[in-house]
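Atoms within each ligand, like the ligands themselves, are counted from 1 in listed order.
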Amino acid sequence: MRFHGRGGHGIKTASRIVGTAAFLAGYEVQDSPIYGAERRGAPVTAFTRIASSAILERGVITQPDLIICGDETLLESPASGVLNGVEQAAALFINTRNLEAIRAQGKLHVRMVALDITQRTSDRIGKASALSVGLGAAAARLSGLISCEQLGEGVRTELEELGLDAPMIEKNLLLAQEVYAELETVTVEPRKFSATAVIHKMGYDHVLLGTPSILAPGNAEARQTGAWRVERPEIDYDSCTRCGLCFVHCPDGAIALDEQGYPVIDYDHCKGCLICLEQCPRHSIRSKKEVRSW
Ligand code: SF4
Ligand code: SF4
């Protein structure tokens, strides 16, 4: 399985949850992530291999049986690698509410399965960006290898290791059960892993994939980090006092002040970190789940 998402989504933890659950189910397991840019919002990939005998392969998975995509905007970026090997995959899972729009594009020729994990995560645990459990549950269910109970044990083991408290773990367990129940297993043809040690090399990410690269004077503007946004800050101008704190604290310079001193958000570059929302003394900034049209 190969997982794709953005830094801060819990992509590595999703791959570990499935790995641990599969291990508890009696399989040989291997899971590993690559981070590339090591930056919140930048693309992250993680891998889980599951087998009934020793796994001698190492490194990236170029031909996954399942692809789990935590952020549909990554589908628009060839450099993200989400679609590498998609032709041989049994299914591509997408965290989206826009599956019909994606299908209507006619670009993807693979069985697609979708669920709005972001909304369910927000509803269950109150944090839309913590996608690890929802994505891990989707992968576990689609694989057909892991029972709901084994998934629950994998969730509990990994979240305890991360130091989450008991009530939060219970909420996540309910989320895992909910996602598991809403999906169906897909048929994954068993593959033979190599009987000898093989290392699949990683290569380097494209230079523009995860960094706001400054390749020429003044070109930072061309890097549209707005595509990273999961939640969208919106300003209530009726209560805004024009204190300018949001303008000062935005780490990406995505807030300008207009001629009257009101803040104006540049949504092409706002990455949705919501620091502005935290800083606003009047609570004049609200967040909404981002909805993109394909
Ligand atoms: S969410 Fe707010 S602070 Fe963060 S990038 Fe967007 S405008 Fe700036
Ligand atoms: S921090 Fe809040 S009150 Fe101050 S300018 Fe920004 S939105 Fe307005």
Side-chain angles (χ1 to χ4, degrees), residues 4-12 35-44 69-77 79-80 95-98 116-123 125-132 134-135 205 207-215 217-294:
H4 296 267
R6 296 189 179 278
H9 276 172
I11 297 305
K12 176 190 124 182
Y35 296 104
E38 290 274 8
R39 184 172 192 232
R40 191 176 181 85
V44 172
C69 180
D71 184 337
E72 67 193 271
T73 65
L74 291 170
L75 297 170
E76 300 166 38
S77 165
S80 71
N95 169 26
T96 183
R97 61 171 71 168
N98 297 323
D116 188 349
I117 298 288
T118 303
Q119 188 64 55
R120 280 165 179 74
T121 304
S122 178
D123 292 346
I125 66 173
K127 193 174 172 198
S129 62
L131 302 177
S132 57
L135 295 177
D205 282 349
V207 68
L208 287 180
L209 181 60
T211 58
S213 305
I214 313 298
L215 301 178
N219 81 338
E221 196 180 1
R223 185 81 184 124
Q224 301 217 335
T225 45
W228 300 4
R229 204 169 46 240
V230 176
E231 295 190 65
R232 181 186 180 90
E234 291 189 350
I235 297 171
D236 170 18
Y237 289 104
D238 290 338
S239 59
C240 170
T241 58
R242 295 181 280 182
C243 71
L245 282 174
C246 55
F247 162 76
V248 171
H249 282 280
C250 173
D252 276 16
I255 300 182
L257 299 179
D258 69 11
E259 287 179 355
Q260 284 79 45
Y262 283 105
V264 180
I265 297 175
D266 168 5
Y267 288 109
D268 283 344
H269 297 95
C270 161
K271 63 183 181 181
C273 66
L274 301 183
I275 288 173
C276 54
L277 179 151
E278 295 291 336
Q279 293 297 329
C280 176
R282 298 278 300 171
H283 305 293
S284 299
I285 303 181
R286 306 253 161 77
S287 73
K288 272 192 180 170
K289 183 181 181 309
E290 187 61 88
V291 179
R292 295 180 182 87
S293 56
W294 253 57

Heavy-atom side-chain proximity of Leu277 to Pro233 below 4.5 angstrom: no
Numbered atoms of ligand 2 (with element) below 4.0 Å of Cys246, judged on heavy atoms: 1 (S), 5 (S), 6 (Fe), 7 (S)
Using a strict cut-off of 4.0 Å, indicate which atoms of ligand 1 neighbour a heavy atom of Pro251. 3 (S)
Does any part of the side chain of Arg6, heavy atoms only, come nearer than 4.5 Å to the side chain of Leu74, both counted from C-beta? yes
Run the numbers for me: atoms of ligand 1, each under 4.0 Å from some heavy atom of Gly272, listed by number. 1 (S), 6 (Fe)
Can you tell me which portion of Cys276 lies within the under-4.0 Å heavy-atom range of ligand 1? Options are side chain, backbone, both, or neither. both
Asp252 and His269, any side-chain heavy atoms less than 4.5 Å apart: no
Below 4.5 Å, heavy atoms only, C-beta onward: do Tyr267 and Glu234 meet side chain to side chain? yes
Does Asp116 offer a backbone N or O that forms a donor-acceptor pair with the side chain of Arg97 under 3.5 Å? no
With a cut-off of 4.0 Å, which atoms of ligand 2 are near a heavy atom of Cys280? 1 (S), 2 (Fe), 3 (S), 7 (S)
Distance from atom 4 (Fe) of ligand 1 to nearest protein heavy atom, with residue and atom: Cys273 SG, 2.3 Å
Metal proximity, Cys250 vs atom 8 (Fe) of ligand 1, N/O/S cut-off 2.8 Å: yes
4.5 Å side-chain heavy-atom contact, Val264 and Ile255: no
Can you confirm whether Cys276 sits close enough to Cys250 that some side-chain heavy atom of one is under 4.5 Å from a side-chain heavy atom of the other? no
Which residue and heavy atom of the protein sit nearest atom 1 (S) of ligand 1, plus the separation: Leu274 N, 3.1 Å
So if I count the atoms of ligand 2 from 1 in the order they appear, which ones are less than 4.0 Å from some heavy atom of Ile285? 7 (S)
Can you list the atoms of ligand 1 that are under 4.0 Å from a heavy atom of Ile255? 7 (S)
Please give me the minimum heavy-atom distance between Ile285 and Cys246, naming the atom from each residue. CD1-CB, 3.9 Å
To check you understand the geometry: which heavy-atom pair defines the closest contact between Gly10 and Ser132, and what is its length? O-CB, 3.1 Å
Quick check on contacts: which atoms of ligand 2 are under 4.0 angstrom from a heavy atom of Cys243? 1 (S), 3 (S), 4 (Fe), 5 (S)
Can you name the atoms of ligand 1, numbered from 1 with element, that are less than 4.0 Å from a heavy atom of Pro233? 1 (S)
Any idea which protein heavy atom is nearest atom 3 (S) of ligand 2, and the distance to it? Thr241 N, 3.5 Å
Starting from atom 6 (Fe) of ligand 1, find the nearest protein heavy-atom neighbour and note its residue, name and distance. Cys270 SG, 2.4 Å
Can you pull out the closest protein heavy atom to atom 5 (S) of ligand 2? Residue, atom name and distance to 0.1 Å, please. Gly244 N, 3.2 Å
My understanding is that only one of Ile11, Ile117, Asp71 makes a side-chain contact (heavy atoms from CB on, under 4.5 Å) with Leu131; could you say which? Ile117
Logged contact type for Cys240 with ligand 2, heavy-atom cut-off 4.0 Å, is both
